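The structure displayed is predicted, hence computed values, not measured ones.
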Amino acid sequence: MDQEYERRLLRQINHQNLPTEARLSKCVSATCSPVSVKSGDRFIPTRAGSNWSINFHYANENCRSPNQNHKAKDASSDSSKDAVAYAALLRNELLGAGIESVPDPHTDDRRHAVLSQDSQSLFRYTVHTKRVPFNSDNEVSPYSLSPLSNKSHKLLRSPRKPARKISKIPFKVLDAPELQDDFYLNLVDWSAGNLLSVGLGACVYLWSACTSQVTRLCDLSVDGDSVTSVCWNERGSLVAVGTHKGYVQIWDAAGGRKLTSLEGHSARVGALAWNGEQLSSGSRDRVILQRDVRTPPSAERRLQGHRQEVCGLKWSPDHQHLASGGNDNKLLVWNSSSLLPVQQYSDHLAAVKAIAWSPHQHGLLASGGGTADRCLRFWNTLTGQALQSTDTGSQVCNLAWSKHANELVSTHGYSQNQILVWKYPSLTQVAKLTGHSYRVLYLAVSPDGEAIVTGAGDETLRFWNVFSKTRCTKESKSVLNLFTRIR
């Protein structure tokens, strides 16, 4: 007998004859020793208690980092759409989920679809002896050359919703020297005739979005005055200019001439809002003046309700109610006949400049607070009730609703200087745009409702395609120095 074999055989016999305590001590010492012990055979785990549906769903999520999970939920990513479709296809073939359309990655429908199938087995070893009709939804036709089930074929043929893509880069950047970094002013507005009016220092400039031509409308430096607000009328023919001395000038944009100059305010006019032929103006003197530009200046309505400067004014789409925000943290709603506010909201903790009426839901009003508040709030002005609110994390400077979808855009100041696109009423963020180095104090929407322009104290105007549907997605990164000082 071979000596080596005899030695191993004796060692095994001695080990079997040892008492149980000795064998346990040897096993413990063996596991504590650094010497590696070769396993006798491969490990076969038991999967009797496994929930295949839940494990299959969370397998991809657990192997991703939080950053990757965030990217996967981005609706603008084509790869995330493909991943959801591929996962649904696997669930159909392995779990028999019966999914016929690609679920939305923003919803949890795909999770519920998986959890509802946990009663079925992952693998089936039974053979179907009954002939299945050709139009069955659960089986494959015996004459089909595809290994996929009919449900999976319907899934692959289901219409794919086009991915929503919002460019993070502005398609145009204009230089705007002397654009003031003042939260209480409103110096940018976009007309129905596709003309952009911008107040720079003591001048108002008009920029044509069609021809990119720039013209100077007025210069108030001869009177020792400066521009504090601009606002187009609905037809885009007249532009109202509020001044630091409290005047409101009406200019004919096509003719480039001043039609009238309205007095009545004792301090700067920082907010303007047209309602047909009527013009409302809010001032630091805490008064809102409402005047008809066709009548003599003496015919005016004085609305007194704010205790500090009026910095926001917006008329409702039905021309029946005026919303005003002030530095007294109040949001007031006025009708067209009363001299007192019909509604007053005091939930904001800072100045209310950002105001926007929804064009999709009658009576829905959105407002945003300043640095100490940072909240977006929504109000039902028909019942006077507060609907919902969300903390944006920074000062809310402007608000504007989309004309095409139930979405709105907000611009922000301290401390992030960002532009956010929100979906209503879920209040989920569709996009976050950055680029301004100062507070984004000014906002205007193009007449077609597809693009917006933002202005900041960094003396730039940036154009973004946030509500675009048909506009080309190509971006121009060049900085156009169009707004320059005219000497």
Side-chain angles (χ1 to χ4, degrees), residues 71 74-79 161-179 181 186-200 205-215 230 232 236 354 356 359 397-413 416-423 429-484:
K71 290 181 179 179
D74 188 0
S76 63
S77 173
D78 290 333
S79 60
K161 186 178 180 181
R164 172 76 180 277
K165 292 186 178 180
I166 297 181
S167 175
K168 301 298 181 66
I169 303 174
F171 65 87
K172 191 183 294 293
V173 180
L174 304 180
D175 184 28
E178 297 186 29
L179 185 62
D181 184 28
N186 294 273
L187 298 175
V188 178
D189 198 19
W190 209 329
S191 75
N194 219 4
L195 285 176
L196 189 70
S197 60
V198 183
L200 302 178
Y205 292 92
L206 304 181
W207 177 78
S208 173
C210 301
T211 63
S212 296
Q213 292 183 351
V214 180
T215 57
V230 294
W232 289 94
C397 301
N398 291 280
L399 283 174
W401 287 87
S402 168
K403 299 179 182 178
H404 308 298
N406 206 11
E407 298 176 348
L408 71 160
V409 59
S410 60
T411 67
H412 300 267
Q416 302 181 34
N417 305 328
Q418 79 272 35
I419 303 163
L420 299 178
V421 182
W422 305 84
K423 186 179 292 292
Q429 288 187 19
V430 180
K432 178 180 179 180
L433 310 176
T434 57
H436 285 289
S437 56
Y438 281 71
R439 297 181 294 174
V440 189
L441 297 176
Y442 310 109
L443 169 69
V445 183
S446 63
D448 59 6
E450 294 185 347
I452 64 170
V453 58
T454 57
D458 55 10
E459 299 186 345
T460 62
L461 296 175
R462 298 173 184 265
F463 295 77
W464 314 81
N465 278 326
V466 294
F467 304 130
S468 176
K469 292 185 177 180
T470 58
R471 189 187 296 270
C472 179
T473 57
K474 278 192 174 182
E475 300 147 0
S476 173
K477 300 181 182 180
S478 61
V479 177
L480 305 180
N481 201 3
L482 295 183
F483 287 115
T484 56

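At least one side-chain heavy atom of Ser410 sits less than 4.5 Å from a side-chain heavy atom of Leu420. Between Asp189 and Ser191, every side-chain heavy-atom pair lies at or beyond the 4.5 Å cut-off. Side chains of Glu407 and Phe467 form a contact here, defined as non-hydrogen atoms less than 4.5 Å apart. Residues Ile419 and Ile452 form a side-chain contact, since some pair of their non-hydrogen atoms from C-beta on lies under 4.5 Å apart. Residues Tyr205 and Ser197 fail the side-chain proximity criterion, which asks for heavy atoms closer than 4.5 Å.
More than 12 heavy atoms of other shown residues, nucleotides or ligands fall within 6.0 angstrom of atom CZ in Phe463.
Checking each of Thr411, Leu179, Leu461 against Tyr442 for a side-chain contact (heavy atoms from CB on, under 4.5 Å) leaves exactly one that passes, namely Leu179.
For the pair Trp232 and Leu195, the tightest heavy-atom approach, listed with the atom from each and the gap, is NE1-O, 3.6 Å. Of all heavy-atom pairs spanning Leu433 and Val466, the tightest one is CD1-CG1, 3.6 Å. Smallest separation of non-hydrogen atoms from Pro359 and Ser402: CG-O, 3.7 Å. Closest of all the heavy-atom pairs between Val430 and Ile166 is CG1-CD1, 3.8 Å. For the residue pair Glu178 and Glu459, the shortest heavy atom distance occurs at N-OE2, 3.2 Å. Between Ala209 and Trp190, the closest heavy-atom pair is CB-CZ2, 4.1 Å.
Note that the CG atom of Leu187 and the CG atom of Leu200 stand 8.0 Å from one another [nearest 0.5 Å]. Between atom CG of residue Leu196 and atom OG of residue Ser446 there is a gap of 10.5 Å, rounded to the nearest 0.5 Å. Annotation: the span from Gln213 atom CD to Thr215 atom OG1 amounts to 8.0 Å, rounded to 0.5 Å. Rounded to the nearest 0.5 Å, atoms CG (Asp458) and OG (Ser437) are 4.0 Å apart. Here the straight-line distance linking atom CZ of Arg439 with atom OG1 of Thr454 works out to 14.5 Å at 0.5 Å rounding. Here NZ of Lys423 is found 8.5 Å from CG of Asn406. Values are rounded to the nearest 0.5 Å.
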Take Asn194 and Cys210 through the side-chain contact (heavy atoms from CB on, under 4.5 Å) test and state the conclusion after the steps. CA-CA 7 Å; Asn194 219 4; Cys210 301; 3.4 Å; yes
Kindly indicate, with the supporting measurements, whether the criterion side-chain contact (heavy atoms from CB on, under 4.5 Å) is fulfilled by Asp181 and Leu441. CA-CA 7 Å; Asp181 184 28; Leu441 297 176; 3.2 Å; yes
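Side chain of His404 to main chain of Asp448: a donor-acceptor pair is present (N/O by atom type, distance under 3.5 Å, no hydrogens or angles). Side chain of Lys403 to backbone of Pro447: a donor-acceptor contact under 3.5 angstrom is found.
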